[in-house]
Structures are given as structure tokens and as C-alpha cells.
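Structure first, commentary second.
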There are 2 protein chains.
Amino acid sequence: MSKDNEILVSLRGRLVNGQFDPGQRLQPEKLRTDYGCSASTLRETLFRLSTEGLVDFQEQRGFRVPRLSRKLQHELTLMRILLEGEGACLSIRLGGVAWEARLSAAHHQLSHIEMRVGSEPPAGHILELWSNAELEFHQTLIGACDSDTLKRTHRIIYNQFRQQLITTGQKFVFIPENVEQHKAILDAALDRDEPLIRRRIHDHLARNLMQPEAMPV
Amino acid sequence: MSKDNEILVSLRGRLVNGQFDPGQRLQPEKLRTDYGCSASTLRETLFRLSTEGLVDFQEQRGFRVPRLSRKLQHELTLMRILLEGEGACLSIRLGGVAWEARLSAAHHQLSHIEMRVGSEPPAGHILELWSNAELEFHQTLIGACDSDTLKRTHRIIYNQFRQQLITTGQKFVFIPENVEQHKAILDAALDRDEPLIRRRIHDHLARNLMQPEAMPV
DNA sequence: AAAAGCAACAATCTCGAAATTTTCAAGAAT
DNA sequence: ATTCTTGAAAATTTCGAGATTGTTGCTTTT
């Protein structure tokens, strides 16, 4: 893999895992030390990430980590409901037993982690583990739909969502209700009930639509 | 505006207007002549456009104009139905009289052009004119929704759609039924009938879901 | 004749530095 | 005291060249 691509993957990972502070400047000259490459290479990468929404770019003013924004989180949630709802319904229509199996497996993994963390909001490495498992579940959910475009769009939206939420504070990421809600989504998928899965995906994500008090932004 | 950005806008325009052949290589060294800049600058720009889906990139193999693909067109149509349906409904809820006025204006412009071209498939400059008017109408349709994310996503999808369709052959772009369909969408918007506008947007775009014979790809 | 190996060529990838623009702080003027 | 200039410092933008990798056509081998 080209250096360029390695850096892209690594930086994207750091961004979605909240390893930079919101609003922090991302200067090619500074980041060089982390990757041992030239500033131009990093500039290239940062431009790519800016098109994905993970980095803010302003002409002649450089790159920054996006700031936290309630409105953006709201918008991203709406998009997730839309894309995952549609993708899940398409998957129900097109997916076979193999898909059901993958989804069950993903749910099993996820619920196993959720059991372990109990009602404590996970932190650090555990948080990343849980977050990856949740991503896997939601990606598998739409995985049997035949639209690469939808999947790619969803991945971009999800990354932005995760970047926002993970830096917002871990207590908002994990909620005990998740366990039952994920189970409910799985059941609807196995029952191949499209309207029901739409509703359950909506209910599952809608909690992000109004996080009243206590949000640091 | 920085040179970088000028080139981005210009290249994007050329790509969505079908001024390159599908599958054609886009080599920084070759494109230099068009823009009088260095290859590195063009490489940067091409990377950005690849994230938008307007350019294909393969590691160590450079950039290419995406090939025509029935499947991709199908997927993009599905995404348009999803995004424009949702965006239009949100606009209906949030838009005021000013939005109705803008939409009427956009429709008036569009139908004026559609009258002029009659049933002949437009070509060359007229095609571009019509295509811009159609974009304006569809963008205004979702313009009053308060989600920048949805609008940005829609713009990216629409650009890819236009790139595919405009190079496919002009006869597929323009269809006489468009005139009535656009009118029907406008009416549903002014009536603020959400289910109806969803259905009409679907019917309007669904013609792209099955273009049976005679497609050059 | 077909396949494998090789060498010359072309394109991509990476880099560091020059040119341009912005930022910031100190001093002058109102 | 506030605003306006000025100039040095820092950051971004742009560039062309060297390093690396892929491609092409020719030769050799089986």
C-alpha cells in the first residue's frame, strides 16, 4: 500500500476515534513528525478527508478538526435513519440465510460486549471495542443491499456521526436501552418485517434527536 | 480564490458536463497544459474529485473518468428518490412563502426551456442549459430543509448522476413527460402534500430504474 | 508458437524549497 | 484609549525534480 493510503487510513482512524480535540488545527508541517513524510503528502490526505466531512478546510486558513455541533449531530442522525432504514429494507428483500447468519453473529458479538460493560459507560479501549462492534452490526444490517453507493454514503455519514459522538463524551454513546433495541432490530430483520424494522431503527437512533441538557455543545 | 480551488470547480464542471470520455485517463502531467499549473496541484484536485465519485482512482494506476454503468445509474436514482423525497417533505414542513416563490420561479424557468426544446432531445449548449435548470429546480425543492448534510449529499449524488446520464447519450436525458411531471411535483409542493410529493418524485425519477434496450452500456 | 524473462520507457509517488498569503504584535496617529 | 499602519513571523499554496513503481515491446527459452 502506498504511503499516501496508509496515512489516509491512519488519520481517518484517529479522527473517528476522537484522538484529536474538536477545533484543533491539523497542520501538515506538524503532523509530519507523526508519519515521517512530507507536508505535501499530508495536505493531499487532509483534502481527501475534508471531502468526507472528517476535516474542515478553509482556503488559505488550513485544516481543522470539526467542532462539536448539536445541529450537525441532529442532521447526521436523520441521515442514518434514512440510509439504514432503506438499506435494511433492501437487505431484507435481497439477503439470504448467509446474511441472517452474519447479522446474528454481529449481534451476538455486540451484545456480548454490551453485557460485559453493563450499565457503566465504557471508556478508552473498551469504548473503541464497543464502537467497532456497533458499526459492524449496523453495517451488516445494510450489508445485503445491492447498492454500493448507499453503503459508501452510509459509511461516510456514520464516520462523521461517530466523530461527533465519541468526542462529545462517552456517557452519551452508550445507553442501556441499546441492548434491547439492537435485539429488536435483529428480530425484525429475521422476521423480514420492513415497516417494523424501519420503525425500530428510527426509535433506536432517535434518542440522538433530542439530547436535552448536559451536552457540552 | 486559490488556483487549487479554481481548478477544482473547473474540472468538476467539465466532468459533470460530459466533456471527457468515460474511461479516459486523467493524467496530471497531461492536464497541466489546460491549467498552467504543476502536476502536484492537479493530483490534489483529482483526489478531491475521486472522493466525490466523479473520478476513479486506483493506486499506482492513476485517475480515470468513471465508466458508464447501468448498475451505478440504478443506485444513484434510488439515492435521488430517497434524498429528494425526504428533503422535499422537510421543505414542505419548514419552507415559507419565500420557498414557494423560489420553487415557482425555478419551475417557470425550467418549463420555459422545456417548451422551447419541444420533443426534440436537446444537445450541446441547450442541453447544458436545460440540465442546469433541472438541477436548480430539484435543488430548490429540497432547499428549505434545514439539513446541510442532506443537501451536500444530494449534490454529490446528483453530480454523479448527471455525469453518467449526460455521457450516456442525450436522448435519455430528456423525455417529454418531464414537463407534466415537474408540474405535478410543483403542485404537490404548493399543496404541502407530503405522501403525494414522495410518490411523484419517485414516479419522475423511476424511469431511470429501467431503461431497457438501446443503452450503450 | 507460446510463455517467461528482461530492458527501456512512462507514469505515479514523494519530497523539500520557493512564492504567496495570513496572522500577530509593536509603534504611530487620531 | 482606540484605531491605523507596518513589518516580521508563521502558515499555506505552488512548484519541479528525484525516487519508486507499473507498462510495453523485444529477446530468449521451452
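Numbered from 1 within each chain, the chains take letters A, B, ... in sequence-line order. These numbers come from the heavy atoms of this one structure, side chains and all, not from hydrogens, waters or symmetry mates. Since we're looking at a predicted model, the values are computed, not measured.
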Comparing A/T41 and A/E59 on DNA chain C - which has the more 5′ nearest nucleotide: A/T41
query: Base, sugar-phosphate, or nothing for B/S40, non-hydrogen atoms under 4.0 angstrom?
result: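 Counting heavy atoms under 4.0 Å across all strands, the contact made by B/S40 includes a base.
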task: Tell me what B/F57 touches on the nucleic acid: a base, only sugar-phosphate, or nothing, going by heavy atoms under 4.0 Å.
output: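 Sugar-phosphate contact only - B/F57 comes under 4.0 Å of backbone atoms but never of a base.
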What is the separation between atom [atom1] on [X] and atom [atom2] on [N], rounded to the nearest whole Å?
{"X": "B/L8", "N": "D/dT14", "atom1": "CG", "atom2": "P", "answer": "12 Å"}
{"X": "B/R32", "N": "D/dT14", "atom1": "CZ", "atom2": "C1'", "answer": "11 Å"}
{"X": "B/I7", "N": "D/dT13", "atom1": "CD1", "atom2": "C1'", "answer": "11 Å"}
{"X": "B/K3", "N": "C/dA19", "atom1": "NZ", "atom2": "P", "answer": "14 Å"}
{"X": "A/L26", "N": "D/dA10", "atom1": "CG", "atom2": "P", "answer": "20 Å"}
{"X": "B/Q27", "N": "C/dA11", "atom1": "CD", "atom2": "P", "answer": "5 Å"}
{"X": "B/E29", "N": "C/dT14", "atom1": "CD", "atom2": "C1'", "answer": "14 Å"}
{"X": "A/R25", "N": "D/dA11", "atom1": "CZ", "atom2": "P", "answer": "7 Å"}

- request: Choose from C/dC13, D/dA11, D/dT13 the nucleotide whose nearest atom is closest to any side-chain atom of A/R43.
  value: D/dT13
Phosphate oxygens OP1/OP2 of [N]: is one of them under 4.0 Å from a side-chain N or O of [X]?
{"X": "B/R61", "N": "C/dC13", "answer": "no"}
{"X": "A/K30", "N": "D/dA10", "answer": "no"}
{"X": "A/Q60", "N": "D/dT12", "answer": "no"}

Stacked cation flag B/R64 on B/F57, 6.0 angstrom / 45 deg: no
- prompt: Are B/E194 and B/R93 ion-paired here, with the side-chain N under 4.0 Å from a carboxylate O?
  reply: yes
message: Regarding A/E134 and A/R162, does a basic nitrogen lie under 4.0 Å from an acidic carboxylate oxygen?
response: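 Salt bridge flag = no for A/R162 with A/E134.
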query: Do B/H138 and B/H182 have their ring centres less than 6.0 Å from each other?
result: yes
query: Is there a donor-acceptor contact under 3.5 Å linking the side chains of A/S50 and A/D56?
result: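 Not at all, the side chains of A/S50 and A/D56 share no donor-acceptor pair under 3.5 Å.
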